[in-house]
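Structure record follows, encoded as structure tokens.
Keep in mind that what you see is a predicted model, and the values were worked out from it rather than measured.
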Amino acid sequence: METANVYGWSENKGRTEKIIGNWFAKGGDRRDKVVLATKVYGNMVPDDTPVWPNHDKLSALNIRRAVDASLKRLQTDYIDVYQFHHIDRSTPFEEIWQAVDVLIQQGKILYVGSSNFPGYKIAQANEIAARRSGTIGLVSEQCLYNLAERRAEMEVIPAAQDYGLGVIPWSPLHGGLLGGVLKKEVEGGRRASGRSAEALANTSVRSQVQAYEDLLDKHGLEPGEAALAWLLTRPGVTGPIVGPRTAEQLDSALRAVELELSQELLDGLDEIFPGPGPSPEAFAW
């Protein structure tokens, strides 16, 4: 189960953590059956309030305050994976790890992960952690990664693999673009919206998505399930983050776990959505 302290946004910051906390409070060993992850970085002050140092990012003080606030909203006494939502260019990792070590000793968090980190920051974070006695370092990286957005393959995923981090892709369907959006237009008259609509306004992207849906139709597969199953074939990937709105969407996501993609299909997907290639060969000789 994954969230962030700022989710809910604006006047609803912290709302998703509260929803999870209310669910935990119903008992039935709910908390013990869940691997809980949340994130820290964004400020939690009201929108019309000035943001001062230590109100956001990864200063030691903000980390300590943010953990306590998240624990209260989540109605639990520990967080399994506490994630840095973004890099902090102002705070050295020596300070960040000092705060993390204290929180681990206190039992408030078990492990720490990153999100939206470039490869060099993953390396920097874990090299500095390695120089500190007893500091575990990052155990996971949550990055934007899907068939249509494969730049993470150049630096982020190789760095994660070399340092033993699990990769947790977010937006696995690229804002719905890989979820059968054109098929839904034809069958149900449901128009694309948000990021998908903006992308489909580009004729080359629309043609690419049409080729993707046609290929999966040929193999008798649902686009959304295939996109998730593809991620599960990728080296280093622990599991994509899904955000189903309905029970049907949740069932579809679960079916992807059992889906096996043929090499013919994988090759076809690579033709439609080619990756950048290995680093540094992708951008150098």
Side-chain angles (χ1 to χ4, degrees), residues 1-26 30-31 34-118 121 125 138 140-144 168-171 174-176 193-198 241-246:
M1 188 174 292
E2 198 279 335
T3 186
N5 58 354
V6 294
Y7 286 171
W9 310 111
S10 194
E11 69 273 10
N12 291 314
K13 291 175 183 176
R15 186 174 182 183
T16 62
E17 287 188 332
K18 288 181 180 179
I19 291 172
I20 293 170
N22 290 337
W23 183 75
F24 285 156
K26 293 181 181 180
R30 282 172 167 81
R31 178 64 186 93
V34 167
V35 175
L36 176 64
T38 191
K39 297 191 283 291
V40 58
Y41 183 86
N43 77 78
M44 296 294 289
V45 300
D47 287 351
D48 58 353
T49 302
V51 179
W52 293 93
N54 295 315
H55 277 172
D56 62 1
K57 301 182 181 175
L58 303 179
S59 71
L61 181 55
N62 185 54
I63 289 174
R64 291 198 296 268
R65 286 173 173 172
V67 164
D68 287 339
S70 286
L71 289 173
K72 183 176 181 180
R73 287 188 292 267
L74 291 163
Q75 299 191 52
T76 184
D77 58 357
Y78 73 99
I79 295 164
D80 294 279
V81 185
Y82 198 52
Q83 302 167 109
F84 306 139
H85 211 161
H86 198 274
I87 64 170
D88 182 351
R89 295 180 173 88
S90 302
T91 306
F93 275 109
E94 288 83 357
E95 177 180 340
I96 293 170
W97 288 131
Q98 181 272 333
V100 165
D101 287 346
V102 171
L103 293 172
I104 291 176
Q105 291 166 8
Q106 293 173 339
K108 294 180 179 180
I109 62 177
L110 302 184
Y111 302 99
V112 174
S114 58
S115 181
N116 306 305
F117 271 35
K121 277 295 181 181
L138 300 173
S140 63
E141 160 59 19
Q142 185 183 142
C143 58
L144 175 60
I168 312 171
W170 61 266
S171 195
H174 208 54
S193 60
R195 187 192 302 171
S196 293
E198 293 177 9
I241 294 174
V242 296
R245 290 182 294 105
T246 66

Would you say that [X] contacts [Y] through its side chain, given a criterion of any heavy-atom pair below 4.5 Å between the two side chains?
X: Y41; Y: D56; result: no
X: L138; Y: V112; result: yes
X: V45; Y: W52; result: no
X: R31; Y: Y78; result: yes
X: M44; Y: V6; result: yes
X: Q83; Y: E2; result: yes

Main-chain N/O of K18 paired with R15 side-chain donor or acceptor, under 3.5 Å: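 Checked: no pair found.
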Option among V40, L103, I109 that satisfies the side-chain contact (heavy atoms from CB on, under 4.5 Å) test with I79: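 For I79, the side-chain contact (heavy atoms from CB on, under 4.5 Å) test succeeds with only one of V40, L103, I109, which is I109.
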Audit row: D88, K121, salt bridge (Lys or Arg N to Asp or Glu O under 4.0 Å) steps and yes/no: CA-CA 10 Å; D88 182 351; K121 277 295 181 181; over 6 Å; no
Value rounded to 0.5 Å, distance of CD in E17 from OG1 in T76: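 One finds 11.0 Å between CD of E17 and OG1 of T76.
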Y7, OH: over 12 other non-hydrogen atoms inside 6.0 angstrom: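 Yes.
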Residues which pass salt bridge (charged side-chain N to carboxylate O under 4.0 Å, His left out) with K108, listed by chain and number, not counting sequence neighbours: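 Partners of K108 by the salt bridge (charged side-chain N to carboxylate O under 4.0 Å, His left out) criterion, ordered by chain and then number, come out as D68.
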Distance-only check: which donor-acceptor pairs under 3.5 Å involve side-chain atoms of residues 92-100, not counting sequence neighbours?
{"residue": "E95", "atom": "OE2", "partner": "A60", "partner atom": "N", "Å": "2.9"}
{"residue": "W97", "atom": "NE1", "partner": "A125", "partner atom": "O", "Å": "3.0"}

side-chain contact (heavy atoms from CB on, under 4.5 Å) between I63 and L58, intermediate numbers included: CA-CA 6 Å; I63 289 174; L58 303 179; 4.2 Å; yes
Contacts of S115 that satisfy side-chain contact (heavy atoms from CB on, under 4.5 Å) - sequence neighbours left out: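 side-chain contact (heavy atoms from CB on, under 4.5 Å) check on S115 returns K39, H85, Q142.
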